[in-house]
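Residue indices begin at 1 and follow the sequence shown.
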Amino acid sequence: MNNTRMQKKQYRLSLCLKAVIIAMIGLLIAFFGVITYYTHNDVILTASLFAQNCKSYGPFIYITAILSLIILIFFWQVATEIGRGNSFSLENVKHFRKMGIIGILLSLEYVFRAIYLLSTATATAMRIGYCIALMIAGILFMAVCFILSSLIQNAYEMQQENDLTI
């Protein structure tokens, strides 16, 4: 396959990834918009278990939203590098490491959220289980990001060696 064709494929892949990211940002805004509406509407608040659960999490909901948005911004940068033909670049290594660090921050946020629930006597088995599940999800996300970062770095180094030998 010639180089121009490969570049076009990578560019199309980049556009597809960016479309997915835009859709995820839309879902993120819609989801947290609904949560904001439910937690600030007193009429619905008294009648809805969902709203009461959201209210019990306090500002942690918005911390999750912000960290999720930051992850999507870094992933946008990864997609941009792919579109430029730099799938295996040091920039992508850094972006995945940063996303992994945010995964750690998300896990820590859920630790603090569980402590908050316990300290305000709003903890239930379901709420604590939810926090534990998302702590684990954050740790798994971090692991995937760090593994991808290492794989991309190895591919980058192999690519550099091949470029030097040619």
Side-chain angles (χ1 to χ4, degrees), residues 13-82 87-156:
L13 176 62
S14 171
L15 291 179
C16 289
L17 286 172
K18 287 180 177 183
V20 169
I21 293 166
I22 289 169
M24 291 176 75
I25 289 171
L27 289 171
L28 186 74
I29 291 168
F31 179 73
F32 287 103
V34 167
I35 289 175
T36 300
Y37 175 76
Y38 270 94
T39 57
H40 291 90
N41 190 330
D42 292 332
V43 174
I44 295 173
L45 181 61
T46 56
S48 170
L49 181 60
F50 173 73
Q52 290 171 359
N53 282 332
C54 293
K55 187 88 167 171
S56 70
Y57 292 128
F60 293 107
I61 291 172
Y62 301 104
I63 294 169
T64 300
I66 292 167
L67 292 175
S68 299
L69 185 60
I70 292 170
I71 287 170
L72 291 172
I73 290 168
F74 284 130
F75 196 61
W76 181 276
Q77 293 171 336
V78 168
T80 300
E81 287 299 316
I82 291 170
S87 299
F88 306 120
S89 66
L90 290 179
E91 289 81 9
N92 281 349
V93 170
K94 292 174 190 173
H95 296 317
F96 274 107
R97 283 188 185 149
K98 289 174 185 176
M99 286 189 283
I101 291 167
I102 294 171
I104 294 169
L105 293 176
L106 281 167
S107 290
L108 286 174
E109 183 225 338
Y110 284 101
V111 170
F112 291 126
R113 186 184 288 201
I115 292 168
Y116 169 79
L117 290 172
L118 292 168
S119 69
T120 60
T122 57
T124 64
M126 185 69 139
R127 290 177 183 162
I128 296 299
Y130 174 79
C131 289
I132 291 169
L134 289 177
M135 278 185 253
I136 293 168
I139 291 167
L140 292 173
F141 178 77
M142 177 235 15
V144 167
C145 287
F146 285 164
I147 290 167
L148 286 172
S149 175
S150 293
L151 288 172
I152 292 169
Q153 185 167 4
N154 289 342
Y156 172 78

N/O donor-acceptor pairs under 3.5 Å from side chains in residues 16-23, not counting sequence neighbours:
| residue | atom | partner | partner atom | Å |
| --- | --- | --- | --- | --- |
| Lys18 | NZ | Thr80 | OG1 | 3.1 |

Counting only heavy atoms from other residues, nucleotides and ligands, does the tally under 6.0 Å from CE of Met24 exceed 12?
no
Would one find more than 12 heavy atoms of other residues, nucleotides or ligands at under 6.0 Å from atom OH of Tyr62?
yes
Any pair with a residue in residues 131-155 that passes ring pair (Phe, Tyr, Trp, His ring centres under 6.0 Å), sequence neighbours left out, goes on the list, sorted by first then second residue, please.
none
Value rounded to 0.5 Å, distance of [atom1] in [X] from [atom2] in [Y]:
{"X": "Cys145", "Y": "Ile71", "atom1": "SG", "atom2": "CD1", "answer": "7.0 Å"}
{"X": "Met99", "Y": "Lys94", "atom1": "CE", "atom2": "NZ", "answer": "14.0 Å"}
{"X": "Leu105", "Y": "Tyr110", "atom1": "CG", "atom2": "OH", "answer": "12.5 Å"}
{"X": "Gln77", "Y": "Asn92", "atom1": "CD", "atom2": "CG", "answer": "9.5 Å"}
{"X": "Leu67", "Y": "Phe60", "atom1": "CG", "atom2": "CZ", "answer": "12.0 Å"}
{"X": "Thr122", "Y": "Leu117", "atom1": "OG1", "atom2": "CG", "answer": "4.5 Å"}

For Cys131 and Arg113, the nearest pair of non-hydrogen atoms, with its separation, is SG-CD, 3.7 Å
Please output the side-chain donor-acceptor pairs of residues 26-35 that fall under 3.5 Å, not counting sequence neighbours, one pair per line with the distance.
none

For Phe88 and Leu151: C-alpha separation, side-chain torsions, deciding distance, then whether side chain to side chain contact (heavy atoms under 4.5 Å, CB included) applies.
CA-CA 9 Å; Phe88 306 120; Leu151 288 172; over 6 Å; no
Indicate yes or no for a side-chain donor-acceptor contact from Ser149 to the backbone of Phe96 under 3.5 Å, with no hydrogens or angles considered.
no
Side-chain donor or acceptor of Ser14 paired with backbone N/O of Ile82 under 3.5 Å
no
Between Thr64 and Glu109, is a side chain to side chain donor-acceptor pair (under 3.5 Å) present by the stated rule, with each step listed?
CA-CA 8 Å; Thr64 300; Glu109 183 225 338; 2.7 Å; yes
Does the side chain of Tyr130 come within less than 4.5 Å of Leu134's, by heavy atoms?
yes
